[in-house]
Amino acid sequence: MSDKFDYATREENYSKWYNDLVVKADLAENSAVRGCMVIKPYGYAIWEKMQQTLDTMFKDTGHVNAYFPLFIPKSFFSKEAAHVEGFAKECAVVTHYRLRNAEGGGIEVDPDAKLEEELIVRPTSETIIWNTYRGWVQSYRDLPILVNQWCNVVRWEMRTRLFLRTAEFLWQEGHTAHATSQEAVFEAEQMLDVYADFAENFLAIPVLKGIKTANERFAGALETYCIEAMMQDGKALQAGTSHFLGQNFAKAFDVKFTGKDGKQDYVWATSWGVSTRLMGALIMTHSDDKGLVLPPKLAPFQVVIVPIYKTDEEADRISEFAKRLTAEFKQAGISVKFDNRDTHKPGFKFAEHEYRGVPVRIAVGPRDLDNGTVEVARRDTLTKEVVAQGELVSTIKGLLEEIQSNLYNRALKHREDNTCKVDTWDEFTAKLEEGGFIYAHWDGTPETEQKIKELTKATIRCIPIGNAKEDGKCILTGNPSTQRVVFARAY
RNA sequence: CGGGGUGUAGCGCAGCCCGGUUAACGCGCCUGCUUUGGGAGCAGGAGAUCGCAGGUUCGAAUCCUGCCACCCCGACCA
């Protein structure tokens, strides 16, 4: 964000630019609670669009929504060893259930109101859900369970950033139960495809589908699938994950079913989620120094009409025209806002809608009314043109589609321009400084991966699905490798 | 939890080293008039227990002690 206002440009300081933008575009702000954000109405409206779209996609693939408790008994957590180890360090814990008046004013925790068993504020819900599923499943006839939950979770992060990493965040978590391993794997892969489809076709964010290495795998999963996106600064952002959990949670919570053959077996599981972090991905994929840039499919309103007038009479004429236009747009499935506030001048509104990322702006003044035209400005290219009123609806409809695909193509080109292959350690470390995705050989061991991370802060983002096999030598150890994996520094 | 830093109006900050009685400035806010095709101009106005608690002093935003909060850098992470 630049201009006469004191906001950082991407070039100057990418991370400051991000923070400034989130606040300036009215998406969210830091709250009185450390690490927790307030999502403001405009930001929440974008999140709601994401929710609506995803929710429909989940339902189209056979899922239903449910809701499980915020609190999880501590004992549940210890039942799956890898899981507890993964999350233990960042859990908020409820220990008491009552306050009392303190001597000398104020209130304090009542020491007599200590809970018999502490409650964990959910960092994710596998445990409480699998404990519940035990009661839901007896027979193969009870399977599959295809449940999703929209909720908040808490992970006590040391360092937080609006949307990217907050102590509390909103997300959805799907938790499914299946009779066979194959079915569960299919489910995990299917949901990865749903996420990729959503990212690319709605958020206009190109993503790499892949699987995580053992080091990066979800605590308690046998396989973690992910979609990885590249931000403008070349860093990777994990945009969604889908896990094949095997029978780990079924065994931990004793969830068994009787099959057609009369034999008992443990249930197979998946879980998958995306969070408000997608807001961060959206920002860091498309936005520019003038503020937020929204893909039309995500914009709370796709078109804003700004009237320009001097007299009340002019205002009335424009208002009448704008109302007619609004109705036509709605008919055509275009969402529109008529910004008729008389407390702000046109120039102010232009700037405001710009940094809030409204895809298309229409300005109408007396001159336009006389000429039968309007001025149409698009946010992605910052270009303007005069359009005849008669062809406006079709023009805008086409323009919105063009903006949507332009944003995607622009982001895809950026990713391609910043993706490379390297074969030596020196090349690798040099390329890392430039940012981007690096395809390189790795000997397949967690130790090497860990070592590379310590040396360079780069992690293996994923092993792309359908990755080509290729013999080579590990960039660090020189040991044989059968394929290249994707390295990057990540958020 | 280790290292560094900062707390003064809604926001951003000056003043502090060298104590002195109306705590400065910019943005924002309110009122009025003129304005309105890219963040308006002028005039007037409101708004601050100087993070908290002690101490030194005739006098503390300023010096001393303790506490609290937040930010940045690391380890952790969607």
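Reckoned from all heavy atoms, side chains included, excluding hydrogens, waters and symmetry mates. Letters A, B, ... mirror the listed sequences (proteins, then strands); counts begin at 1.
Atom-to-atom, CG of A:Leu164 to P of B:C76 comes out at 18 Å; the value is rounded to the nearest Å. The CG atom of A:Leu455 sits 13 Å away from the P atom of B:A75 (whole-angstrom rounding). Atom-to-atom, OH of A:Tyr355 to C1' of B:G39 comes out at 8 Å; the value is rounded to the nearest Å. Rounded to whole Å, atom C1' of B:G37 lies 5 Å from atom CZ of A:Arg367. If you take CZ of A:Arg379 and P of B:G38, they are 17 Å apart, rounded to a whole angstrom. The CG atom of A:Asp20 sits 14 Å away from the C1' atom of B:C71 (whole-angstrom rounding). Rounded to whole Å, atom C1' of B:G38 lies 8 Å from atom CD of A:Glu354. Between the CD atom of A:Glu85 and the P atom of B:C76 there is a distance of 13 Å, given to the nearest Å.
Below the 3.5 angstrom threshold, one finds no donor paired with an acceptor across the side chain of A:Glu352 and the base of B:G39. Taking only distance into account, the side chain of A:Lys384 meets the base of B:G38 through a donor-acceptor pair shorter than 3.5 Å.
Using a 4.0 Å heavy-atom criterion, one finds that A:Glu157 contacts the bases of the nucleic acid, with or without backbone contacts as well. Using a 4.0 Å heavy-atom distance criterion, A:Arg361 is classed as a base contact.
Nucleotides of RNA chain B nearest to A:Lys457 and A:Phe218 differ in position, and the one nearer the 5' end is that of A:Lys457. Nearest-nucleotide mapping onto RNA chain B: of A:Thr160 and A:Thr166, the residue sitting toward the 5' end is A:Thr160.
Separation of the C1' atoms belonging to B:G66 and B:C29 is 38 Å when rounded to the nearest angstrom. The same atom, C1', is picked in B:C16 and in B:G51; the two are 16 Å apart, to the nearest Å. Comparing the same atom, C1', in B:A14 and in B:A48 gives a spacing of 14 Å after rounding to whole Å. Taking atom C1' on both B:A60 and B:G41, the two are 42 Å apart, rounded to the nearest angstrom. When the P atom is used for both B:C72 and B:C33, the distance is 46 Å, rounded to whole Å. When the P atom is compared between B:A23 and B:A9, the two are found 14 Å apart, to the nearest whole Å. Using C1' as the reference atom, B:A40 and B:A24 are 26 Å apart when rounded to the nearest Å. Only the P atoms considered, B:C11 is 24 Å distant from B:G5, to the nearest whole Å.
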Scan nucleotides 29-36 of chain B against the protein and return all N/O pairs shorter than 3.5 Å with their distances rounded to 0.1 Å.
{"from": "B:U36", "atom 1": "O2'", "to": "A:Tyr309", "atom 2": "O", "distance (Å)": "3.3"}

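With A:Arg461 contributing its side chain and A:Leu208 its backbone, the two residues share no donor-acceptor pair below 3.5 Å. In this structure, A:Ser31 contributes its side chain and A:Cys36 its backbone to a donor-acceptor pair below 3.5 Å. For A:Glu12 (side chain) and A:Thr9 (main-chain N/O), a donor-acceptor pair under 3.5 Å exists by modelled atom type.
Between A:Glu228 and the options A:Lys209, A:Lys212, A:Arg415, a side-chain hydrogen bond (donor to acceptor under 3.5 Å, both in side chains) holds for only A:Lys212. For the salt bridge (charged side-chain N to carboxylate O under 4.0 Å, His left out) with A:Glu352, the qualifying choice from A:Lys290, A:Arg361, A:Arg341 is A:Arg341, the only one to do so.
Nucleotide B:G2: paired with B:C73 (Watson-Crick or G-U wobble, both distances less than 3.5 Å). Pair assignment for B:A43: B:U31, on the basis of Watson-Crick or G-U wobble contacts that are both within less than 3.5 Å. Nucleotide B:C13 forms no Watson-Crick or G-U wobble pair with any nucleotide shown, as no partner meets the under 3.5 Å limit on both distances. Here B:C68 sits opposite B:G7 as a Watson-Crick or G-U wobble pair (both hydrogen-bonding atom distances under 3.5 Å).
Here the two rings, on A:Trp272 and A:His63, have centers that are under 6.0 Å apart.
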Requested in this report: Quick one: do A:Phe218 and A:Phe87 satisfy ring pair (Phe, Tyr, Trp, His ring centres under 6.0 Å)? Show the steps, please.
Outcome: CA-CA 10 Å; A:Phe218 177 76; A:Phe87 287 101; 5.8 Å; yes
Report task. For the pair A:Tyr225 and A:Met191, evaluate side-chain contact (heavy atoms from CB on, under 4.5 Å) and give the outcome as yes or no after the intermediate values. Result -> CA-CA 9 Å; A:Tyr225 300 82; A:Met191 297 324 286; over 6 Å; no
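The aromatic rings of A:Tyr195 and A:Phe58 lie perpendicular to each other, with more than 60° between the two planes, well past the 30° mark.
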